[in-house]
Amino acid sequence: MRILLTGGCGFIGSAVIRHLIRNTDHSVLNVDCMTYAASEDTVSEVADDPRYSHARANIVNGVEMQRLFEEYRPDAVMHLAAESHVDRSIDGPGIFIQTNVVGTYSLLEAARKYWNTLGDAEKKAFRFHHISTDEVFGHLEPNDPPFTETTPYDPRSPYSASKASSDHLVRAWFHTYGLPTFVTNTTNNYGIWHFPEKLIPLVTINAIEGRDLPVYGKGENVRDWLFVEDHAEALVKAVETGKPGETYAIGARQPRTNLEVVKKICAVLDELQPDPAGPRERLIRFVTDRPGHDFRYEIDPSHAEKELDWKATHDFESGIRKTVQWYLDNRAWWEGIRSKRYTGQRLGASK
């Protein structure tokens, strides 16, 4: 299978590319315009493989997307390119509308025009796989059942609203034009090569450096955590077997409060690299909550597990240990980011 994958130098996209090249015979064209959160280091281990190529292009550019479809002639699209940090969407929502909404529209139109040139068998086999988030469903109260594929949409941040818009566009192109699209929605991912603005890498790096560990509110907000390599495996199974018009909610059944996550990172670091100044929980600082902070996300992945013949293999404890060890072993990567692109400052404090 020839796969056109967008956002392949990002956190989840790069995990998918590494999985594709390591574990399948598929070829992949990585379409990534290299924003602040992208890094070619994330795909360096597969960059010389003849089945991998990279096109530095922006999905908002419809003419460029159409050219790539015509030249590469993919059998499937995996659309991961997105602005994804809620705090940044609070400070500057415009780029989220451009990339997540306009970019998805441009990609859909390029895919539709290309798809219409295919023969009947190729048309039937083609897939447009749109990768999305559980944040489109809004938030859950403590006793609410987890999200499923049929949960009504209720986005509450500029980020989640832009992703909800893109989900609706993808489904509309299926119903209106017959383009064989489907959607996967996932919980919070964590793991290696994660840009340091997100909770787990930020806390891990701050704890390594002995800095304060900021926790919103009282740390009671709950997220369902999925190790990124497990997610990559699920996404590849989805593009191989997913049905047009379907939705697959992908999760790991690993809910934790933010405070539990931070304390676990501290405990693992204290074991792997003890701090002479004492246990790292001393660094936890509770800070003013961000605007519109959703209380809880959690997915019931039963449908995806059954239909994709997949289940997450990492529990949170083993996944977080692998993650923390990786950040200890790869200081040069994140120190370079800290010195040039993101110093660890708070984002999303706009009122």
Side-chain angles (χ1 to χ4, degrees), residues 11-12 83-91 93 96 132-148 151-164 185-191 194-207 212-228 231 249-268 280-281 283-301 312 315-317 319-320 323-324 344-351:
F11 173 48
I12 300 175
E83 295 288 341
S84 65
H85 191 41
V86 173
D87 289 1
R88 285 183 185 267
S89 81
I90 295 169
D91 290 344
F96 287 75
S132 190
T133 172
D134 61 353
E135 297 188 37
V136 298
F137 302 126
H139 82 155
L140 297 168
E141 297 295 341
N143 296 319
D144 288 343
F147 300 132
T148 69
T151 300
Y153 275 42
D154 186 23
R156 294 166 178 241
S157 71
Y159 162 60
S160 58
S162 68
K163 288 299 289 184
N185 299 90
T186 187
T187 58
N188 282 42
N189 279 215
Y190 70 99
H194 204 175
F195 193 78
E197 67 189 356
K198 299 294 181 74
L199 175 65
I200 286 179
L202 177 64
V203 167
T204 301
I205 293 169
N206 278 13
D212 287 353
L213 309 180
V215 178
Y216 286 141
K218 297 180 180 179
E220 296 174 340
N221 298 73
V222 177
R223 300 294 181 262
D224 183 7
W225 293 97
L226 173 63
F227 193 59
V228 69
H231 188 203
I250 298 171
R253 308 175 193 268
Q254 298 286 333
R256 298 288 190 280
T257 68
N258 287 348
L259 186 57
E260 286 175 328
V261 169
V262 173
K263 287 184 174 181
K264 185 63 180 179
I265 292 170
C266 290
V268 172
R280 288 178 171 87
E281 281 193 24
L283 302 171
I284 294 174
R285 302 289 185 270
F286 295 101
V287 300
T288 303
D289 210 351
R290 73 182 178 207
H293 194 181
D294 291 337
F295 177 71
R296 170 177 161 242
Y297 307 137
E298 187 176 347
I299 271 179
D300 176 356
D315 60 27
F316 185 74
E317 285 64 31
I320 206 68
T323 301
V324 170
Q345 74 274 21
R346 178 172 180 181
L347 303 169
S350 299
K351 291 289 187 179

Taking the side chain as every heavy atom from C-beta outward, state whether [X] and [Y] have any atom pair closer than 4.5 Å.
X    : Y    : result
C266 : L283 : no
L202 : P196 : no
R223 : T187 : no
P146 : D224 : no
I250 : I299 : no
V262 : I284 : yes
D91  : D87  : no
I200 : K198 : no

Nearest 0.5 angstrom please: [X] [atom1] to [Y] [atom2], how far?
X    : Y    : atom1 : atom2 : value
Y216 : L259 : OH    : CG    : 15.0 Å
R296 : N221 : CZ    : CG    : 12.0 Å
K163 : S157 : NZ    : OG    : 12.0 Å
N188 : L199 : CG    : CG    : 8.5 Å
F11  : N189 : CZ    : CG    : 5.5 Å
I12  : T186 : CD1   : OG1   : 6.5 Å

* Does A207 offer a backbone N or O that forms a donor-acceptor pair with the side chain of R280 under 3.5 Å? -> yes
* Asked: Using 30° and 60° as the class limits, which term best fits the ring planes of W225 and Y190: parallel, tilted or perpendicular?
  -> perpendicular
What are the two closest heavy atoms between [X] and [Y], and how far apart are they?
X    : Y    : answer
R88  : F195 : NH2-CE2, 4.4 Å
K264 : I320 : CG-CG2, 3.8 Å
P93  : P158 : CB-CB, 3.8 Å

* To do: Take H293 and N258, measure what side chain to side chain contact (heavy atoms under 4.5 Å, CB included) needs, and give me the verdict at the end.
  => CA-CA 12 Å; H293 194 181; N258 287 348; 4.2 Å; yes
* Who pairs with F286 by ring-ring contact (aromatic ring centres under 6.0 Å, His included), at least two apart in sequence or on another chain? -> none
* side-chain hydrogen bond (donor to acceptor under 3.5 Å, both in side chains) against T204, all qualifying residues, sequence neighbours excluded -> none
* To do: Could you tell me whether E317 and R256 make a salt bridge, using a distance below 4.0 angstrom between a side-chain N and a carboxylate O?
  => yes
Let me check something: any side-chain donor-acceptor pairs from residues 136-144 under 3.5 Å, sequence neighbours excluded? List them with distances.
| from | atom 1 | to | atom 2 | distance (Å) |
| --- | --- | --- | --- | --- |
| H139 | ND1 | F295 | N | 3.1 |
| D144 | OD2 | E141 | N | 2.8 |

* Asked: Would you say the side-chain atoms of E135 and Y297 include a donor-acceptor pair closer than 3.5 Å?
  -> yes
